[in-house]
Every structure is written in C-alpha cells, then in structure tokens.
Amino acid sequence: MDYQNLLVESEEGVCIITFNRPQVLNALSRATMLELATAIERAEGDEQVRCIILTGAGAKAFVAGADIHELHAIPNGTVGAEFATWGQGILFSIENLRKPVIAAINGYALGGGCELAMACDIRIAADTAKLGQPEINLGIIPGYGGTQRLPRLVGKSYAKWLILSGETISAQEALRVGLVDKVVPSSELMATAIELAHRIAGKPALALALAKNSINVGSEVDLVSACAYEASQFGLACATEDRVEGTVAFLEKRPAQFKGK
Ligand code: COA
C-alpha cells in the first residue's frame, strides 16, 4: 500500500511510523487514521518487526490533534459518537498490539495526538514538545480515550486541570506529572527512541507480549484478580522455548539466542 499521510520504514526489527502531514501539524484526518490502522496491522503481522516507534514529520508537531476541518463537518451527536468509537478502536489496536510501541514526541502532542501517545507503551519527548487536551476550546471533549487514559497516567485531579482548562504543558511538566517517561534534547529524540527500540527488539518476543498484556489487563482490575492473571501469563511464558534458552544461557554464562518461540 502506498501511504499518503504516513512514512513507514522498517530496519533491524524496528518499524518507524511517521505522521507526515507537516503542513497541518500532522493532524489526524480519517484517511490518516485508516492508514495508521493498516500500518499497525502490518507491523503486527510482520515477523521481522519486533518494536514500533510512532513520531511526527517536521520539527514542530508529533500530532496536533484530530483534523479540525473534519470535526467541524460532523453533522450531529450520533455521528460524533461513531467518530469517537471508531478512533478509540484504532487506539485500542495500538494498546493491545503484541509488540511494544514507543511514542517519540517531537513537538505538539495535542488532543488526539496526546491520546495517541497515551495509547503507546512508552513515551519519550523532545524538550521542545508540548502536550495537552485543548478540545474544550473547540466546545468538545477528548474522544479518543483522553478522559480515561489521562487520569490513569497523571491522576484524576491533574487530568481535570488539563482537560477543563485546555492548557498545554511543556515536556518537563509532562515528565513531572508522569505523562511522559523521559525528556531528551530535540536533536537526540530519534536516536534515543531507536536505541531503546533496538534494546527491546532483542528481548524474547512472546515474553514481551505477555508482559505488556499482563500490565494492560492487570491495571484495569483489582489486585487479586490482576495477580491471578499475571500468574496465568507467567505460566504461558514458562511454556516457551525462550524460557528454556534464557535460563540455560544464564547458567552457561553466555548470551541467550531468543527465537520468539
Ligand atoms: N486540524 C487541522 N488543521 C490544523 C490542526 C488541526 N488539529 N492544527 C493545526 N492545523 C493547521 C492550521 O490550521 C494551520 O493551517 P494553515 O497554514 O492552512 O492556516 C497549520 O496547521 C499550522 O498551524 P498554526 O495554527 O498556523 O501554527 P501555530 O504555530 O500558530 O500554532 C498550535 C500551533 C498547535 C498551537 C495550533 O495549530 C493549534 O492550536 N492547533 C489545534 C490544536 C487542537 O485544538 N487540537 C485538538 C483538536 S481535537
């Protein structure tokens, strides 16, 4: 497939998906979202890909939100709800992907851009990045999971501050409140994200998927159920060839050769 709104490149186990509409600060049109869904599905199906990075083209924006022209064209509440549910589905597919996804936030991550970053597993921001949920200024609310994932990351109170005020915060402030995991100089962003992606790509693929799934599922249920779920996922990890290889390699004092089996 020829992408119109994305750049997709894979190298040494890492797939980099770049939102490529810099003239509108990489705003998420429906067409962009559909291409994203396709790119994600392909990355999931490609055995060579073991970690994914999402980033934005140009120095200014990661993603400056859903496309406001399209938001303006929504004719009524029913279509609005469908629009949100559809976008949420694509973000769930990122969150539930069996492979780790890193957001390399190179600039504005606003509205749908912030929501997209929150659906990723790990967030690294350039020191020039700015994040926020400014939907309130348009007379709407976040619709791609922002009212739910933001409080889970930063707590209810600060999430309300951001969503009700529509304020945009710096990368350093996002780091302080736990919205991003690391802030690096803008010039080092991609190198940092790619280095982490390569390190993760070298880990056993099935264990990566089980760990991600255990955290995602467990963080939405009570502790006892979460630990029971963890035990089931631990059991699945124990049944892999990579568990045998990883433990034998340790005991033989040699590097493990994981096969993703
Ligand atoms: N949807 C559609 N177009 C967008 C957009 C969006 N979410 N965000 C920016 N653009 C467009 C602008 O309309 C402008 O297009 P133009 O050159 O045809 O006028 C272009 O991208 C550049 O943006 P501009 O506003 O001129 O840049 P700026 O540096 O002055 O401001 C922002 C940057 C991010 C503060 C500002 O663009 C903005 O507030 N964007 C909307 C953010 C938002 O509300 N997102 C949530 C949507 S739910």
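Each ligand, and each atom within it, is numbered from 1 in the order the structure gives.
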N/O to N/O under 3.5 Å, ligand 1 against protein:
{"unit_1": "ligand 1", "atom_1": "1 (N)", "unit_2": "Ile68", "atom_2": "N", "d": "2.9"}
{"unit_1": "ligand 1", "atom_1": "7 (N)", "unit_2": "Ala64", "atom_2": "O", "d": "3.0"}
{"unit_1": "ligand 1", "atom_1": "7 (N)", "unit_2": "Ala66", "atom_2": "O", "d": "3.0"}
{"unit_1": "ligand 1", "atom_1": "27 (O)", "unit_2": "Lys60", "atom_2": "NZ", "d": "3.4"}
{"unit_1": "ligand 1", "atom_1": "29 (O)", "unit_2": "Lys60", "atom_2": "NZ", "d": "2.6"}
{"unit_1": "ligand 1", "atom_1": "45 (N)", "unit_2": "Ala64", "atom_2": "O", "d": "3.0"}

Is Phe250 isolated, or which residues cluster with it under the ILVMFWY side-chain rule of less than 4.5 Å, directly or via members?
Leu251
Hey, is Arg30 close enough to Glu35 for a salt bridge, meaning N to O under 4.0 Å?
no
Note: Asp121-Lys212 ion pair, threshold 4.0 Å (strictly below):
yes
Contacts of Arg149 meeting salt bridge (Lys or Arg N to Asp or Glu O under 4.0 Å) (sequence neighbours excluded), chain-then-number -> Glu95
Who pairs with Asn213 by side-chain hydrogen bond (donor to acceptor under 3.5 Å, both in side chains), at least two apart in sequence or on another chain?
Tyr229, Gln233
Glu173 versus Tyr158, side-chain donor and acceptor atoms under 3.5 Å
yes
